[in-house]
There are 2 protein chains.
Amino acid sequence: MRKSGFYLALALSLVTAAPVVAQMDVEDQINTRQSAFTFAAWNMGKIKSQAIDGDVAYNEQQMLAAANAIASVANSGLGALFGPGTAMDKNDDTRLKPEFFDKPEKAREVAIGFAQAATKLQEVAANGGDKAALAAQFSEVGKSCKACHDAFRAE
Amino acid sequence: MRKSGFYLALALSLVTAAPVVAQMDVEDQINTRQSAFTFAAWNMGKIKSQAIDGDVAYNEQQMLAAANAIASVANSGLGALFGPGTAMDKNDDTRLKPEFFDKPEKAREVAIGFAQAATKLQEVAANGGDKAALAAQFSEVGKSCKACHDAFRAE
């Protein structure tokens, strides 16, 4: 619980105000957040292959590394990469809907949902690596991804 | 030491043979590894800003999150993204020199160097977050990045 509390506090602090790095330009923000999600998706794919589909042999160490990667993305302060001017109304390289900026409470909600689900995935992977438990929490992380996509990502 | 030993074993296992996910095509491998490095570089930038340059206020939680992110990249099994046909002699989207495939021992050496340096960065950040210690280990991680760039990345 202590660890979860820490990550939640961290997620909150990062969704809100505190700067983490000198200001990045719009293109860098978009490219970096897409990179973060690509890296997370690759690691989600490992868990899917090994814990859900079973087309790759289950390997606890690899599952822990994958969960660590996903959690590190979710807790990395992604909010800093969603600055003004980074939606699709002003840039062709993103599918972020402009209403993202009209709904800060919803944005905070989906960011926290991702951070909580991914942090729990990491805990499940670290606590013995039970395949069924990991598969179940993988599904929860997937739902947290979808919650943001449904709200803020164009088709 | 136990944790370092674990990560070293993990890095070794991932540099060598074990598949982590169903085979990805060449473009996906290149895009995903570039994403991983972009995500790591963003997090390196946070540590540089806060622990070296001082242009952003030092925040221990953000430094730990950044170190976790860098370590998760270094320990994610990047070797799986450097498959046959992913060097610059066969693809315009990468600067990976073809000699990467002629020097597996060197490739392993730089991969392990990155994993060890990044895992130690994570340990330093987790053990109290001393700014000077973090700055010193940041420099070691930077050297491990450079070792690979010098060996295998074209100008």
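Chain identifiers are assigned alphabetically (A, B, ...) following the order of the sequence lines, protein sequences preceding nucleic acid strands; residue numbering begins at 1 within each chain. Note that the structure is a prediction, hence the values are computed from the model and not measured. Just so you know, these numbers use all the heavy atoms, side chains as well, and skip hydrogens, waters and symmetry mates.
The minimum heavy-atom distance between B/Ser72 and A/Ser72, with the atom names listed, is OG-OG, 2.8 Å.
A/Ser35 places none of its side-chain heavy atoms less than 4.5 Å from the side chain of B/Trp42. Side-chain contact between B/Thr38 and A/Asn31 is present, with at least one heavy-atom pair separated by less than 4.5 Å.
Distance CG/A/Leu81 to CZ/B/Phe39: 9.0 Å, rounded to 0.5 Å.
By the neighbour-count criterion of 12 heavy atoms within 6.0 Å, atom CG of B/Asp150 is densely surrounded, having more than that number from other residues, nucleotides or ligands.
With respect to chain A, the highest number of heavy-atom pairs below 4.5 Å among B/Asn43, B/Ile70, B/Ile47, B/Val73 belongs to B/Val73.
Under the 4.5 Å side-chain heavy-atom criterion for Ile, Leu, Val, Met, Phe, Trp and Tyr, B/Phe138 and B/Phe37 are members of the same hydrophobic cluster. Taking hydrophobic clusters as Ile, Leu, Val, Met, Phe, Trp and Tyr residues chained together by side-chain heavy-atom distances below 4.5 Å, A/Phe101 does not share a cluster with A/Met88. Note on B/Phe152: it does not cluster hydrophobically with B/Ile30, by side-chain heavy-atom contacts below 4.5 Å among ILVMFWY residues. The same ILVMFWY cluster, assembled from side-chain heavy atoms under 4.5 Å apart, contains both B/Val141 and B/Val110.
Of the atoms belonging to A/Ala36, heavy atoms from both backbone and side chain fall under 4.5 Å from chain B.
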